[in-house]
Each structure stands twice: as C-alpha cells, then as structure tokens.
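Contents: one structure, followed by commentary.
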Amino acid sequence: MAISQQEFHDAVLFILGQIPKGKVTTYGKIAQLAGYPNHSRHVGKILSKLPSDTSIPWHRVINGQGRISFPEHSERYHVQKDKLEHEGISFLNGRINLKQIGWQP
DNA sequence: CTTATGACCCTGA
DNA sequence: GTCAGGGCCATAA
C-alpha cells in the first residue's frame, strides 16, 4: 500500500495549527516536520486548495527567504501581509526576520 | 510516454 | 545582499 497523501495533508494542517500567534514558518519546514522533506511545493499546493473561509492560519507560512510567495501587486500578498501585521509581525523592506520570529518546534 | 506548471529550496557566483 | 541554475515531487494535458 502506497504512502497515503492524506496523511501528509493532515500532518500539514496539524502543524499549521501548532504555529503560535505572532510566529511564522516556511513551506520547507512544514514539509520536513510532516515527514516529507522534499515536498515543500506540495505544501503550497495544499494551501492553494484551502477554502477562503478556513480557520487554518495559512498566512503564517512564508518561503525560506522570509518573503511572501506572492507578487506584491497581487491581492493575496496584501491579505497575508495585513494578517501578519495584525498579529504584531513586522515587515522590513517587504521581508520578515525569520531569525527572530521563525517558529521552531 | 514527455511537457508544463506550481503559495519551494539549496548552492554557487 | 541579489540572481540564476539545478533539483525536488505531484498533477494535468
């Protein structure tokens, strides 16, 4: 029996729920914690399929460069940035200091 | 089967 | 610090 992708999906959602308010993490980190180190892209894929009314804090996920993985002109970028700033996370030149507010289990 | 795409990551220049 | 190249894996055509 092949590895269940449902497990990966659930693991990602569970990990997202563990991220404390005011902290952020990266796609690769989530994939790693879920047990699939090389599935960073799939994390984003899962998030892209989440409904807009979800209670999952998807906005606490950014890329390894400390940047939001959306073009600055896009609507999603501003939504995520607004949510993060609302939690007290500060942006410096469009970037987040992962050293400071990067979540570590 | 091969290509193309995607909310990515690591390394080297 | 930024940028480009290669790698990674699942899905769609």
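The sequence lines fix the lettering, A, B, ..., with proteins before strands; numbering per chain opens at 1.
The nucleotide dA13(C) finds its pairing partner in dT2(B), both defining distances of the Watson-Crick or G-U wobble pair being shorter than 3.5 Å. Across all strands shown, the partner of dT11(B) is dA4(C), judged by Watson-Crick or G-U wobble contacts whose two distances both fall under 3.5 Å.
A continuous path of hydrophobic side-chain contacts links V79(A) to I46(A) [ILVMFWY only; heavy atoms under 4.5 Å].
No side-chain donor-acceptor contact under 3.5 Å links Q65(A) to the backbone of R95(A).
dC8(B) atom P lies 18 Å from atom CG of L33(A), rounded to whole Å. In this entry the distance linking CD of Q32(A) with C1' of dC10(B) reads 13 Å, nearest Å. Going from atom CZ of R41(A) over to atom P of dG6(C) covers 15 Å, rounded to whole Å. At whole-Å resolution of the value, CD in Q65(A) and P in dC8(B) are 10 Å apart. Between N63(A) atom CG and dC9(B) atom P the separation is 6 Å, expressed in whole Å. Atom-to-atom, OH of Y27(A) to P of dC8(B) comes out at 6 Å; the value is rounded to the nearest Å. With rounding to whole Å, F8(A) atom CZ is found 17 Å from dC8(C) atom P. Remark: C1' of dT11(C) and NE2 of H39(A) are 13 Å apart, rounded to the nearest angstrom.
dC8(C) and dT5(B) have their C1' atoms separated by 14 Å, with the value rounded to a whole Å. Taking atom C1' on both nucleotides, dC1(B) is separated from dA13(C) by 13 Å, rounded to a whole Å.
The side-chain heavy atoms of I15(A) and T25(A), taken from C-beta on, include no pair separated by under 4.5 Å. Between L33(A) and P105(A) the shortest side-chain heavy-atom distance falls below 4.5 Å.
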Applying ring pair (Phe, Tyr, Trp, His ring centres under 6.0 Å), run through Y36(A) and H42(A) and close with a yes or a no. CA-CA 10 Å; Y36(A) 296 78; H42(A) 295 255; 9.1 Å; no

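The nearest heavy atom of DNA chain C to K49(A) and to N38(A) marks one nucleotide each, and the one closer to the 5' end goes with N38(A).
R67(A) comes within contact range of no nucleotide atom at all, as no heavy-atom separation falls under 4.0 Å. Nucleic acid contact class of H42(A) (heavy atoms, under 4.0 Å, all strands): base.
Phosphate proximity of dT2(C) to R95(A): present, with a side-chain N or O under 4.0 Å from OP1 or OP2. Applying the 4.0 Å criterion to OP1 and OP2 of dC8(B), one finds that S69(A) has a side-chain N or O inside that range.
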